[in-house]
Amino acid sequence: EGVLPQEYTALKLKVVEWAPKAAEAVKGKIPEDAKVFLVPATLRAETMYGQTCCFVGPSISYGVYRASEKEYFVITERAARNMAYQGIFEKEGVPEKAADILGSDLIGTVVNPPLSFHKEVRVLPMESVLATKGTGVVTSVPSDSPDDYAMVTELAKKAEFYGIKKEWAELDIIPIIQTPSSDLLAPYLVKKLKIASPKDVKQLLEAKELAYKEGFYQGVMKVGEFAGEKVEAAKPKVREQLIKAGEAFAYSE
Ligand code: A2H
C-alpha cells in the first residue's frame, strides 16, 4: 500500500435477484423494505457507462453490513470497518453485520449498475480480486480495463468450468472513451500485447499502465452527458453526478 491515501468512488449496485445460495444466506436477516447493494471501489468513475458485470473473489468472505435502516452493503469486513470510521454508515462504532456470504455463493446474482448502458448485470468470479484492497468488489468495464477484458473473455471461453452461463460474460462492450489508439482501448491492448488469459500477469500489468495513462491524459468521452470532453475534465463531473444522485460515495484508504 502506498503512503498517500487512495481516493475511490464507491458505487452502489442494487441487488435485483440473489443467486440461490446468497438468497439462503440473507433469508430473514434483512428488513424486507431494505435495499442491498454490492459496492465496488473504482478509480475510473467516468467509465461506469460501460459496466458489463461485477466481480467478487470466489473464496473471499463478505458481510452484508447495515449502512442505514434502508440500505445494506455487501463488502469485506475490512472495508466495513473503514466505512464506519469514515462516517459513511448511519451508526458509528463497530459495523453491524446482518449476514455472511462467501464470494462463490454470490455468483449469478443480478445487480443494477448505475449509469451503465446495461441495466442488469451478473456477479461473476475473478480470482485476482484482493480482499485487502478497496471493498473486495470490482465492477467490470472491459472496454477500458485490460484486467476486466481478459477476465470476461476467459469466463465466456470456459463458462462451464466457472459454473456460469456463457451469456452472463458476453454482454456488448460499448466504446466509452476515444484515445489516439482506439475507442476500445482495453481489447486493443490485450490483443497488441498478446495477452491470452488473466494468467498473463506481467503483460496485464503493462497493459493496465498503458491504458490508465492513455485513457486519462489523451482520452475524450464518447458517451454520456460529458461526451466530447476530455477524460481529465469529465472524471470529477461524472463522480459528482453519481454522488449527488445517491448512487455513489467517496471512500478512501
Ligand atoms: B478500476 P489501485 Cl475501467 N482487487 O475500476 C483487485 N482490483 C481492484 C480491487 C481489488 N480488491 N478493488 C478495486 N480494484 C480495481 C474500473 C477501472 C479500474 C478501469 C480501468 C482501470 C482500473 C473498472 N474496473 O484500475 O490498485 C478497480 O478497477 C486500474 C488502476 O487502488 C479500481 O479501479 O490503484 C482499481 O483496481 C484500483 O486500483
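Note that ligands are numbered from 1 as they come in the structure, with each ligand's atoms numbered from 1 the same way. Count residues from 1 along the sequence.
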Residues 231-243 side chain polar contacts: donor-acceptor under 3.5 Å, at least two apart:
unit_1: K235; atom_1: NZ; unit_2: L43; atom_2: O; d: 2.8
unit_1: K235; atom_1: NZ; unit_2: E46; atom_2: OE1; d: 3.3
unit_1: K237; atom_1: NZ; unit_2: E229; atom_2: OE1; d: 2.7
unit_1: K237; atom_1: NZ; unit_2: E229; atom_2: OE2; d: 3.4
unit_1: R239; atom_1: NE; unit_2: T9; atom_2: OG1; d: 2.7
unit_1: R239; atom_1: NH2; unit_2: E7; atom_2: OE2; d: 3.3
unit_1: R239; atom_1: NH2; unit_2: Y8; atom_2: O; d: 2.9
unit_1: Q241; atom_1: NE2; unit_2: E225; atom_2: OE1; d: 2.2

CD (E69) with more than 12 external heavy atoms under 6.0 Å: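 Not more than 12 within 6.0 Å, no.
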CD (E160) with more than 12 external heavy atoms under 6.0 Å: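 No, the 6.0 Å shell around CD holds no more than 12 heavy atoms from other groups.
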Throw together a table of side-chain donor-acceptor distances under 3.5 angstrom for residues 175-191, partners on residues two or more places apart or in other chains.
unit_1: T179; atom_1: OG1; unit_2: S181; atom_2: N; d: 3.3
unit_1: T179; atom_1: OG1; unit_2: S182; atom_2: N; d: 3.3
unit_1: T179; atom_1: OG1; unit_2: S182; atom_2: O; d: 3.1
unit_1: T179; atom_1: OG1; unit_2: E214; atom_2: OE2; d: 2.6
unit_1: S181; atom_1: OG; unit_2: E214; atom_2: OE1; d: 3.2
unit_1: S181; atom_1: OG; unit_2: E214; atom_2: OE2; d: 2.9
unit_1: S182; atom_1: OG; unit_2: L184; atom_2: N; d: 2.8
unit_1: S182; atom_1: OG; unit_2: L184; atom_2: O; d: 3.2
unit_1: D183; atom_1: OD2; unit_2: K222; atom_2: NZ; d: 2.5

Side-chain donor-acceptor distances from residues 91-101 under 3.5 Å, at least two apart:
unit_1: K91; atom_1: NZ; unit_2: E96; atom_2: OE1; d: 2.9
unit_1: K97; atom_1: NZ; unit_2: D100; atom_2: OD1; d: 2.8

Taking a 3.5 Å cut-off between nitrogen or oxygen atoms, can you list every pair linking ligand 1 to the protein, with distances?
unit_1: ligand 1; atom_1: 4 (N); unit_2: L130; atom_2: N; d: 2.9
unit_1: ligand 1; atom_1: 5 (O); unit_2: T42; atom_2: OG1; d: 2.7
unit_1: ligand 1; atom_1: 11 (N); unit_2: L130; atom_2: O; d: 2.7
unit_1: ligand 1; atom_1: 11 (N); unit_2: K133; atom_2: O; d: 2.9
unit_1: ligand 1; atom_1: 24 (N); unit_2: T139; atom_2: O; d: 2.7
unit_1: ligand 1; atom_1: 24 (N); unit_2: D148; atom_2: OD2; d: 2.7
unit_1: ligand 1; atom_1: 26 (O); unit_2: K133; atom_2: NZ; d: 2.1
unit_1: ligand 1; atom_1: 31 (O); unit_2: Q6; atom_2: NE2; d: 3.4
unit_1: ligand 1; atom_1: 31 (O); unit_2: Y8; atom_2: OH; d: 2.6
unit_1: ligand 1; atom_1: 33 (O); unit_2: L43; atom_2: N; d: 3.1
unit_1: ligand 1; atom_1: 34 (O); unit_2: Q6; atom_2: NE2; d: 3.4

K12 to F37, cation-pi by 6.0 Å centre distance and 45° axis angle: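 Checked: cation-pi criterion met.
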